[in-house]
Amino acid sequence: MSSGMNYAPRGKQRKVIEAGRFGFAAVGLDHGHIYGMCHGLVDAGADILAVYDPDPAKVAEFRQQFPQAVSAASLEEVLENPRIDLVASAAVPADRGPIGLKVQAAGKHYFSDKAPFTSLDQLDAARESVSRTGKKWAVCYSERLQNESAVYAGKLIKEGAIGRVLQVIGMGPHRLQAEKRPDWFFKKERYGGILNDIGSHQIEQFLYFAGAEEANILSARVANHNHPEYPELEDFGEAHLLGNNGASCFLRVDWFTPDGLSTWGDGRTFVLGTEGYIELRKYLNVAADTTGDHVFLVNHEGEQHIPVHGQVGFPYFGELILDCLNGTETAMSQAHAFKAAEITLRMQAAADSGSN
């Protein structure tokens, strides 16, 4: 896979409900993440009933993978369909929040690609909408939820394999392939900045792995180091944060994956604990194995390399469906999803203002 724009991993099919129990639609096909989001829901037993995008070519391409999805003439047609319980969207980042407000106003749950917002005002409106409607505003932080090494690492950490987490280091390099990117990708008002876009993955993972509920931004920086032809593109970002439980986070995100790498980005996560550490080589083991999902665990019991590709699956999607049906919060709490977005937005704002 040469481009992260079209990265749509599949996990084990583990249906949690019978057919006809939970219907959903896809609207806003601007990012390829929508394919992974929809496959995850279908593999867990949901029925994809409709698709809408103002671009007929995107709809036609989508229906090649999901022919059961009926092409809708408008977003309103989707929202008026009583069989649709949830709407998934990977629209342009700046549009994801406004779409979610319409979805929840229609009495449906909303499932957004990350980053779910490009401003704190959008986040505030979403919080008010969730409080008023009681519907879920789920976010697909795919670098953890759709990566088997990250899912497995979460299990190890919860079991105490490395003790109390002290620090999480996340690196999210991506291949740019500028000539294949849409116009909105180079307009900061539309994509929200590199820390908000890619960095949202790293913030969510930090909160989850470290068990933090809040974080202060100690430093944050963005730059356009090598793409002057795209003045609004940020091709590099880094930040340092301190969680409310004493755990810290350092993250680096960039658009400098070289052409010689066999995949779109060598994403890695390092988690240091009081009793050991974990390294995740998420998408490949460089020069050794092009298969992803490598977990390296070192603790008092010794050293382990645990390849988990194809072994763990993506339980989030089935849990999300059941949460929507049962009013529970097993997949991800609403507070966590929104807090990750809030910290990400504050981090981007700190970098933009130079206040660090």
Q. Does the side chain of Leu280 reach to within under 4.5 Å of the side chain of His294, using non-hydrogen atoms?
A. no
Q) Do the charged groups of Glu238 and Arg252 touch, with an N to O distance under 4.0 Å? A) no
Q. Looking just at side-chain N and O atoms, do Asp235 and His225 make a donor-acceptor pair shorter than 3.5 Å?
A. no
Q) With distance as the sole test, does Ser142 use its side chain to make a donor-acceptor pair with the main-chain N or O of Leu145 at under 3.5 Å? A) no
Q) If you count the non-hydrogen atoms of other residues, nucleotides and ligands that lie under 6.0 Å from CD in Glu303, is the total more than 12? A) no
Q. Got Phe62 and Cys38 here, is their nearest side-chain heavy-atom distance under 4.5 Å?
A. yes
Q: Please report the C-alpha distance between Lys339 and Glu213 in whole Å, then the side-chain angles of each, then the deciding distance to 0.1 Å, and finally whether the salt bridge (charged side-chain N to carboxylate O under 4.0 Å, His left out) criterion is met.
A: CA-CA 8 Å; Lys339 180 57 68 172; Glu213 296 178 350; over 6 Å; no
**Q.** Any side-chain heavy-atom pair of Glu189 and Thr118 under 4.5 Å
**A.** no
Q) What's the shortest heavy-atom distance between Asp197 and Ser200, and which atoms? A) O-OG, 2.7 Å
Q: Please work out which of the three classes, parallel, tilted or perpendicular, describes the rings of Phe185 and Tyr191, given edges at 30° and 60°.
A: parallel
**Q.** Thr344 side chain to Asn196 side chain, donor-acceptor N/O pair below 3.5 angstrom
**A.** no
Q. Is a side-chain donor-acceptor pair under 3.5 Å present for Thr291 with Asp289?
A. yes
Q) Would the number of heavy atoms belonging to other residues, nucleotides or ligands and lying under 6.0 Å from CZ of Arg63 be above 12? A) yes
Q.
Could you walk me through whether Arg181 and Phe186 satisfy the side-chain contact (heavy atoms from CB on, under 4.5 Å) test, starting with their C-alpha distance in whole Å, then the side-chain angles of each, then the deciding distance to 0.1 Å, before giving a yes or no?
A. CA-CA 8 Å; Arg181 299 286 177 172; Phe186 302 100; 3.6 Å; yes
Q) Would you call the rings of His31 and His33 parallel, tilted or perpendicular if under 30° counts as parallel and over 60° as perpendicular? A) tilted
Q | Leu49 backbone acceptor or donor facing Asp47 side chain under 3.5 Å | A | no
Q) Between Thr269, Val295, Val312, which is the residue that forms a side chain to side chain contact (heavy atoms under 4.5 Å, CB included) with Ser149? A) Val295
Q | Heavy-atom donor-acceptor pair, His109 side chain to Lys136 backbone, under 3.5 Å | A | yes
Q: Check the pair Phe117 / Ser119 against side-chain contact (heavy atoms from CB on, under 4.5 Å), numbers first and verdict last.
A: CA-CA 6 Å; Phe117 312 106; Ser119 73; 5.9 Å; no
Q) What is the distance from atom CH2 of Trp137 to atom CZ of Phe338, rounded to the nearest 0.5 Å? A) 6.0 Å
Q.
Under a 3.5 Å distance rule, please check whether Arg281 uses its side chain to pair with a backbone N or O of Asn285 as donor and acceptor.
A. no
Q: Output the distance between atom CD1 (Ile217) and atom CG (Leu241), rounded to the nearest 0.5 Å.
A: 5.5 Å
Q. Between His39 and Phe66, does the ring centroid distance fall short of 6.0 Å?
A. yes
Q. So does Glu342 pair up with Arg127, basic N to acidic O under 4.0 Å?
A. yes
Q. Only one of His201, Met347, Met171, Gln205 clears side chain to side chain contact (heavy atoms under 4.5 Å, CB included) with Leu251; which?
A. Met347
Q: Report yes or no: does Asp85 contribute a side-chain atom to a donor-acceptor pair with the main-chain N or O of Phe24 at less than 3.5 Å?
A: no
Q.
Can a donor-acceptor pair be found, under 3.5 Å and without considering hydrogens, that links the side chain of Thr274 to the backbone of Arg164?
A. yes
Q. Which heavy atom of Phe206 sits nearest a heavy atom of Ala215, and at what distance?
A. CE2-CB, 4.0 Å
Q: Taking Ser89 for its side chain and Val27 for its backbone only, find out whether a donor-acceptor pair lies under 3.5 Å.
A: yes
**Q.** Carboxylate-amine/guanidinium proximity below 4.0 Å for Lys102 and Glu80
**A.** no
Q. Between Phe317 and Phe111, is a side-chain contact (heavy atoms from CB on, under 4.5 Å) present by the stated rule, with each step listed?
A. CA-CA 11 Å; Phe317 294 92; Phe111 185 29; 3.8 Å; yes
Q) CG of Asn226 to CH2 of Trp255: how many Å apart, nearest 0.5 Å? A) 15.0 Å
Q. Got Leu284 and Val286 here, is their nearest side-chain heavy-atom distance under 4.5 Å?
A. yes
Q.
Whether the Ser129 and Gln104 side chains hold a donor-acceptor pair (N or O, under 3.5 Å, no angle test) is what I'd like checked.
A. yes
Q: To the nearest 0.5 angstrom, please state how far the OH atom of Tyr35 sits from the CD atom of Gln64.
A: 7.5 Å
Q) Would a hydrophobic clustering, with Ile, Leu, Val, Met, Phe, Trp and Tyr connected at side-chain separations under 4.5 Å, put Phe236 with Phe250? A) no
(Q) Check this for me: does any side-chain nitrogen of one of Asp113 and Arg96 sit under 4.0 Å from a carboxylate oxygen of the other? (A) yes
**Q.** Neighbour count >12 (heavy atoms, 6.0 Å) for atom CD, Glu159
**A.** yes
Q. Is any side-chain heavy atom of Met332 closer than 4.5 Å to a side-chain heavy atom of Glu319?
A. no
Q.
Do Val59 and Tyr52 make a side-chain contact, defined as non-hydrogen atoms from C-beta onward lying under 4.5 Å apart?
A. no
(Q) Please check this pair: side chain of Glu148 against backbone of Gly313, looking for a donor-acceptor N/O pair closer than 3.5 Å. (A) yes
**Q.** Nearest atoms (heavy-atom pairs only) where Ala50 meets Val78
**A.** CB-CG2, 4.5 Å
Q | Residue pair Cys140 / Gln146: nearest heavy atoms and the distance that separates them | A | SG-OE1, 3.4 Å
Q: Kindly assign one of parallel, tilted or perpendicular to the pair Tyr283 and Trp264, based on the angle between their ring planes and the thresholds 30° and 60°.
A: tilted
Q: Would you check if the side chain of Arg175 reaches a backbone N or O of Pro258 as a donor-acceptor pair within less than 3.5 Å?
A: yes
Q: Would you indicate whether Glu329, at its atom CD, is surrounded by more than 12 heavy atoms from other residues, nucleotides or ligands within a distance under 6.0 Å?
A: yes
Q.
Taking the basic N atoms (NZ, or NE/NH1/NH2) and the acidic carboxylate oxygens, is any pair closer than 4.0 Å for Asp183 and Arg190?
A. no
Q | Inter-residue atom distance His336.NE2 - Tyr208.OH, 0.5 Å rounding | A | 8.5 Å
Q.
I'd like to check Lys282 versus Arg268 (side-chain heavy atoms, cut-off strictly below 4.5 Å). Are they in contact?
A. no
Q) Is there side-chain contact between Thr257 and Asp266, with at least one heavy-atom pair below 4.5 Å? A) no
(Q) Under a 3.5 Å threshold, yes or no: a donor from one side chain and an acceptor from the other, between Asp352 and Gln348? (A) yes
**Q.** Pair Glu214-Ile343, side-chain contact (heavy atoms from CB on, under 4.5 Å): steps then yes or no
**A.** CA-CA 8 Å; Glu214 182 59 274; Ile343 295 171; 3.7 Å; yes
Q. If every non-hydrogen atom of Glu77 is compared with every non-hydrogen atom of Ser74, which pair is closest and at what distance?
A. N-OG, 3.1 Å
Q: Find the distance between CD1 (Ile17) and CG (Leu322) and round it off to the nearest 0.5 Å.
A: 7.0 Å
Q: Search all heavy atoms of Ile321 against all heavy atoms of Ala46 and return the closest pair with its distance.
A: CD1-CB, 3.8 Å
(Q) Take a 6.0 Å sphere around NZ of Lys187 and say whether it holds more than 12 heavy atoms from other residues, nucleotides or ligands. (A) no
Q. Got a donor-acceptor contact below 3.5 angstrom from the Gln167 side chain to the Ser248 backbone?
A. no
